[in-house]
Amino acid sequence: MPVEIPEIISVTSQHDGPTVAILAGIHGDEYEGVIAALSLARELPGELLSGTVKIVSPAHPAAWQSCSRISPIDDANLARVFPGYQNGSATEQVAHVITEQVIKHADVLIDLHSAGTNFDMPFLCGFNAGANIWCQESERLANVFNADFTWHHNGAPNYGRSLTVAYEQEIPAIYVEGHGGRSIRKTDLDGYTAGVRRVLQDLKMIPTAPRVARDTIRVAGDGNTDAGLVASESGYLVTRVKVGDQVSNGDVIAEIIDISGVVLSSLLAVQNSYVMLLRRDARVHVGDTICITANEF
């Protein structure tokens with residue numbers, strides 16, 4: 001199968017200003033960001049005061065067409081192969097194009113994700129914190145975005161992410177997550193576009209943006225969706241909490257039961273924290289990620 005390179009949409013003002021890169025659909029089962037980004041691509045030409053907005057949505061066409069987290073061409077996850085390779089696999093070539101033609105030319109990166117098929121997450125905006133100027137600006141922009149939660153991660157992003165490229169290029173970057181589950185919630189969709197608009201207004205690129213309805217909850221933690229509290233038994237997952245819930249150390253987050261209802265194990269909160277990710281599929285195997293929590297910051 002041929003490599004499917006994503007379309008890069010550029011909205012440019014007549015006046016000089018920042019270049020903001022917006023990625024969406026890095027994973028093909030995450031709908032909200034793609035629709036929000038394309039809505040902005042449709043609306044911004046009539047209101048952009050300065051600068052350029054580059055939009056790549058969906059960023060991974062092959063995964064988008066198959067509604068999958070990975071590419072059906074090479075079984076690769078675009079969010080694990082940045083910066084990519086010009087002569088690499090199909091997915092690595094997509095990452096290379098986005099890196100060279102979009103991220104490296106940006107002054108700010110916004111990567112719109114959601115929890116996808118397998119997990120549930122609250123509406124949040126995350127950033128990588130540090131003493132560097134670009135990290136401090138990432139934190140400021142995450143606060144401007146003002147999602148329900150603002151997730152503070154210490155240090156550089158894990159290898160292979162779009163934010164990894166931005167970090168190495170000293171470009172301020174934020175990412176967004178929503179509930180996902182191949183469902184689109186009006187509150188999430190509006191939150192994506194409103195948050196991006198607040199960032200663009202803050203950068204003096206558009207004249208107005210929706211006001212903040214309530215203060216964000218600031219949390220800190222690793223945020224690696226490939227890790228967290230994992231299943232120690234195979235069976236069926238019974239959750240006792242929802243994403244966004246506050247739990248105390250020792251609270252039961254979920255139980256794993258057998259098919260007759262016998263409790264095999266319990267997953268306990270290990271700190272006073274907020275639930276930031278929960279597995280959706282009740283059938284679990286040893287080692288499956290069940291939950292991620294983050295403490296208030």
Side-chain angles (χ1 to χ4, degrees), residues 1-11 18-34 36-38 40-41 52-118 126-128 130 132 134-135 138 153 155-177 180 196 222-227:
M1 297 176 67
V3 177
E4 296 187 54
I5 300 300
E7 178 186 6
I8 301 171
I9 302 170
S10 290
V11 182
T19 295
V20 174
I22 300 174
L23 307 182
I26 291 279
H27 297 128
D29 62 344
E30 300 177 3
Y31 302 156
E32 304 95 322
V34 171
L38 292 178
L40 290 164
T52 298
V53 178
K54 287 190 173 184
I55 297 171
V56 188
S57 176
H60 200 182
W64 176 258
Q65 290 165 16
S66 63
C67 300
S68 172
R69 186 174 177 83
I70 61 175
S71 168
I73 300 173
D74 57 8
D75 294 326
N77 181 342
L78 180 56
R80 300 296 181 269
V81 302
F82 280 95
Y85 301 96
Q86 186 174 7
N87 298 314
S89 71
T91 302
E92 288 170 338
Q93 289 183 50
V94 170
H96 176 78
V97 168
I98 295 172
T99 295
E100 296 299 323
Q101 297 186 24
V102 180
I103 299 177
K104 286 187 175 181
H105 298 279
D107 298 299
V108 171
L109 171 65
I110 304 173
D111 195 346
L112 304 178
H113 284 265
S114 72
T117 303
N118 298 323
F127 67 96
N128 289 87
N132 302 312
W134 65 93
C135 290
S138 298
H153 311 301
N158 292 317
Y159 179 78
R161 275 63 165 179
S162 64
L163 267 68
T164 309
V165 176
Y167 186 93
E168 292 173 350
Q169 295 291 317
E170 303 183 3
I171 298 168
I174 59 176
Y175 75 94
V176 182
E177 300 279 6
V196 172
D222 181 76
N224 183 3
T225 55
D226 294 333

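When reading the values below, keep in mind they use all heavy atoms of this one structure, side chains included, and skip hydrogens, waters and symmetry mates. Since the structure is predicted, the reported quantities are computational estimates derived from the model, not experimental observations.
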Query raised in the report: Going from CD1 on I8 to CD1 on I98, what distance comes out if it is rounded to the nearest 0.5 angstrom?
Result: 7.5 Å

Query raised in the report: If we only count heavy atoms from C-beta on, is the L163 to L109 side-chain gap below 4.5 Å?
Result: yes

Report summary line: Nearest heavy-atom contact between Q86 and Q93 is O-CG, 3.4 Å

Query raised in the report: Any side-chain heavy atom of Q65 within less than 4.5 Å of one from E4?
Result: yes

Query raised in the report: Do you know the tightest heavy-atom contact between S138 and A173?
Result: OG-N, 2.9 Å

Query raised in the report: How close do K54 and S10 get, heavy atom to heavy atom, and via which atoms?
Result: CG-OG, 3.7 Å

Query raised in the report: Is there side-chain contact between V94 and P6, with at least one heavy-atom pair below 4.5 Å?
Result: yes

Requested in this report: Tell me, please, which residues at least two apart from H153 pass ring pair (Phe, Tyr, Trp, His ring centres under 6.0 Å).
Outcome: W151, Y175

Query raised in the report: Side chains of S162 and I103: does their closest heavy-atom pair fall under 4.5 Å?
Result: yes

Query raised in the report: Looking at CG of N128 and CD1 of I174, how far apart are the two atoms once the value is rounded to the nearest 0.5 Å?
Result: 12.0 Å

Show me the donor-acceptor pairs within less than 3.5 Å that the side chains of residues 18-28 make with the rest of the protein, sequence neighbours left out.
residue: H27; atom: ND1; partner: E30; partner atom: OE2; Å: 2.9
residue: H27; atom: ND1; partner: R69; partner atom: NH1; Å: 3.3
residue: H27; atom: NE2; partner: N77; partner atom: OD1; Å: 2.8

Contacts table for residues 165-172: side-chain donor-acceptor under 3.5 angstrom, sequence neighbours left out:
none

Query raised in the report: Are side-chain heavy atoms of R80 and R161 found at a separation under 4.5 Å?
Result: yes

Report summary line: Here the pair of heavy atoms bringing T91 nearest to L78 is CG2-CA, 3.6 Å

Requested in this report: Could you tell me whether the side chain of D29 and the main chain of T117 form a donor-acceptor pair under 3.5 Å?
Outcome: yes

Query raised in the report: Counting distance only, does the side-chain N/O of T164 pair as donor-acceptor with the main-chain N or O of N158 below 3.5 Å?
Result: yes

Report task. Could you pull out the closest heavy-atom pair between S57 and G33, with the gap in Å? Result -> OG-O, 4.4 Å

Requested in this report: Show your working on side-chain contact (heavy atoms from CB on, under 4.5 Å) between I9 and L38 and close with a plain yes or no.
Outcome: CA-CA 9 Å; I9 302 170; L38 292 178; 3.9 Å; yes

